[in-house]
Chemist: 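What follows is a structure written as structure tokens; I'll ask about it next.
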2 protein chains.
Amino acid sequence: MNPIDRLVVLLTKLPGIGKKSARRMVYHLLRGDPAYAQGLAEAIAGLHKAITRCRICGSFTEEDPCPRCSDTSRDAIICVVERAQDVPIIEESQVFQGRFHVLGGLIAPLEGVNPGDLAIPQLLNRVREEHIQEVILALNPTVEGDTTALYVQHLLKEYRVDVTRLASGLPVGGDLEYTDRLTLSRSFRGRIKFSFSE
Amino acid sequence: MNPIDRLVVLLTKLPGIGKKSARRMVYHLLRGDPAYAQGLAEAIAGLHKAITRCRICGSFTEEDPCPRCSDTSRDAIICVVERAQDVPIIEESQVFQGRFHVLGGLIAPLEGVNPGDLAIPQLLNRVREEHIQEVILALNPTVEGDTTALYVQHLLKEYRVDVTRLASGLPVGGDLEYTDRLTLSRSFRGRIKFSFSE
């Protein structure tokens, strides 16, 4: 296989990259500055060396423990997420100033993911040792997310800690007409009373 | 900037890659096998060393001249394309067994691309020296493509060579209802008589 096709094959293994996108990327590299291709190659090659998983929360970090886990001023609230990439998304939204915990997946028996594969014992340990007051289950509103949330919530009953889930309902800017029945039913069940004091 | 963000920034310079796709790619690399990231990095780093432009047709190749230009059995027809990546697309369709010529762009004065920036003199030379019988202008049916085709066709008038363009019209499987007016008008002007002998 020639170097162009070889790189195309490698690129199509990335998520969301088909053969056409991969080709466009390769030809873009070929037409472009060799220094850029070199820089990109070095950044990819150095990624695993520079980044590790935080031994406490499981997120990707340059230092272990990560700056978030080392920051003792954070609220005693743990936000539980499925994947490490969910952490920066929530951090950037600035809605949450607490701690994070990455489960590393969702319970999906059909895909062979069982509770034992997730960082649940570590979460229970942290809840106890860090004197956590609330655990927010920020899992996707899918069958797997719901199953995992129920499972974790069940285990946390023994601890003196509030367990919450992110609200599920109409997205901001959404349209009732184009909302599926499940989302609509969730937004009804989760309806919120107007509070005139706000 | 940390290594993750740095790689995200580099990846978003690739065509069609936004910040979210870049992030997904980086986290995919982090979760995946370090050997894959290493292989990808090496393939990118080695690209410019392994691939050069063919001095005859301008396409990307490992050997100069490229295997296509070295192949003397090819028909004396030149297919003129805008970019080097158009060559493998046409080759793979197997509709054309002739030679190629990459212009390296389209005339677009507003973007600062003038006829002098394109490999047009090289094309004229090849038409004469390779005793070419037909030049197929396989340029995109856009304003720039049409302008460039007209310009090249004008220059080729002095040579004893047929100049053709790819047919423009309804895509196979397309729908009249969803076809824009320009395409429709082109497909009318370029209408083809039924030939019962076929």
Side-chain angles (χ1 to χ4, degrees), chain A residues 1-53 59-63 66-67 83-89 92 104-105, chain B residues 1-53 59-63 66-67 83-89 92 104-105:
Chain A
M1 212 189 296
N2 77 56
I4 293 178
D5 293 340
R6 197 159 55 230
L7 181 51
V8 166
V9 167
L10 284 169
L11 287 170
T12 50
K13 289 180 185 160
L14 293 171
I17 304 297
K19 201 177 164 190
K20 285 200 175 177
S21 317
R23 269 205 177 150
R24 281 181 66 201
M25 288 161 71
V26 174
Y27 284 107
H28 180 89
L29 286 170
L30 276 170
R31 279 198 315 276
D33 185 356
Y36 162 64
Q38 207 56 45
L40 180 61
E42 281 163 21
I44 293 172
L47 196 61
H48 278 93
K49 273 169 247 160
I51 302 287
T52 180
R53 279 194 187 263
S59 67
F60 290 118
T61 172
E62 284 182 89
E63 306 140 41
C66 73
R83 301 157 307 182
Q85 62 255 54
D86 299 329
V87 174
I89 295 169
E92 278 168 27
Chain B
M1 211 187 299
N2 76 56
I4 292 179
D5 292 341
R6 197 159 57 229
L7 182 52
V8 165
V9 167
L10 285 168
L11 287 170
T12 51
K13 288 180 185 161
L14 293 171
I17 305 297
K19 201 177 165 191
K20 283 199 177 178
S21 316
R23 267 204 179 152
R24 278 180 68 200
M25 288 161 70
V26 174
Y27 284 107
H28 181 89
L29 286 171
L30 276 170
R31 279 198 315 275
D33 185 357
Y36 163 64
Q38 206 56 43
L40 179 62
E42 280 164 21
I44 293 172
L47 197 61
H48 277 94
K49 272 170 249 162
I51 302 288
T52 179
R53 278 195 187 263
S59 66
F60 290 118
T61 171
E62 283 181 272
E63 305 140 42
C66 72
R83 302 157 303 181
Q85 62 256 53
D86 299 330
V87 174
I89 294 168
E92 278 169 27

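Here is the naming used below: chain letters follow the sequence lines, and residue numbers restart at 1 for every chain. The model shown is predicted, which means the values in this text are computed figures rather than measured ones.
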Chemist: For the CD1 atom of A/Ile44 and the OH atom of B/Tyr36, what is their distance to the nearest 0.5 Å?
Modeler: 8.0 Å
Chemist: Are A/Glu92 and B/Arg23 close enough for a salt bridge, meaning some N to O gap below 4.0 Å?
Modeler: yes
Chemist: Output yes when a side-chain donor or acceptor of B/His48 lies under 3.5 Å from a complementary backbone atom of A/Ala35, and no otherwise.
Modeler: no
Chemist: Is B/Glu62 in contact with chain A via its backbone, its side chain, both, or neither, using a 4.5 Å heavy-atom distance?
Modeler: side chain
Chemist: In Å and rounded to the nearest 0.5 Å, what is the OG1 to CG distance from B/Thr61 to A/Asn2?
Modeler: 8.5 Å
Chemist: If you look at every heavy atom in A/Pro3 and B/Leu47, which pair is closest and at what distance?
Modeler: O-CD1, 4.2 Å
Chemist: If we define contacts as heavy-atom pairs under 4.5 Å, which of A/Ala37, A/Gly46, A/Ala84, A/Gly39 has the most with chain B?
Modeler: A/Ala37
Chemist: Under a 4.5 Å cutoff for heavy-atom pairs, which residue among B/Lys13, B/Arg6, B/Arg53, B/Lys49 has the most contacts with chain A?
Modeler: B/Lys13
Chemist: In terms of heavy-atom proximity below 4.5 Å to chain B, should A/Lys19 be classed as side chain, backbone, both, or neither?
Modeler: side chain
Chemist: Top residue by heavy-atom pair count (under 4.5 Å) with chain B, among A/Leu14, A/Ile4, A/Leu30?
Modeler: A/Leu30
Chemist: Identify which of B/Pro88, B/Pro34, B/Ser21, B/Gly32 forms the greatest number of heavy-atom pairs closer than 4.5 Å to chain A.
Modeler: B/Pro34
Chemist: So which atom in B/Gly16 and which in A/Arg24 form the shortest heavy-atom distance, rounded to 0.1 Å?
Modeler: N-NH2, 4.3 Å
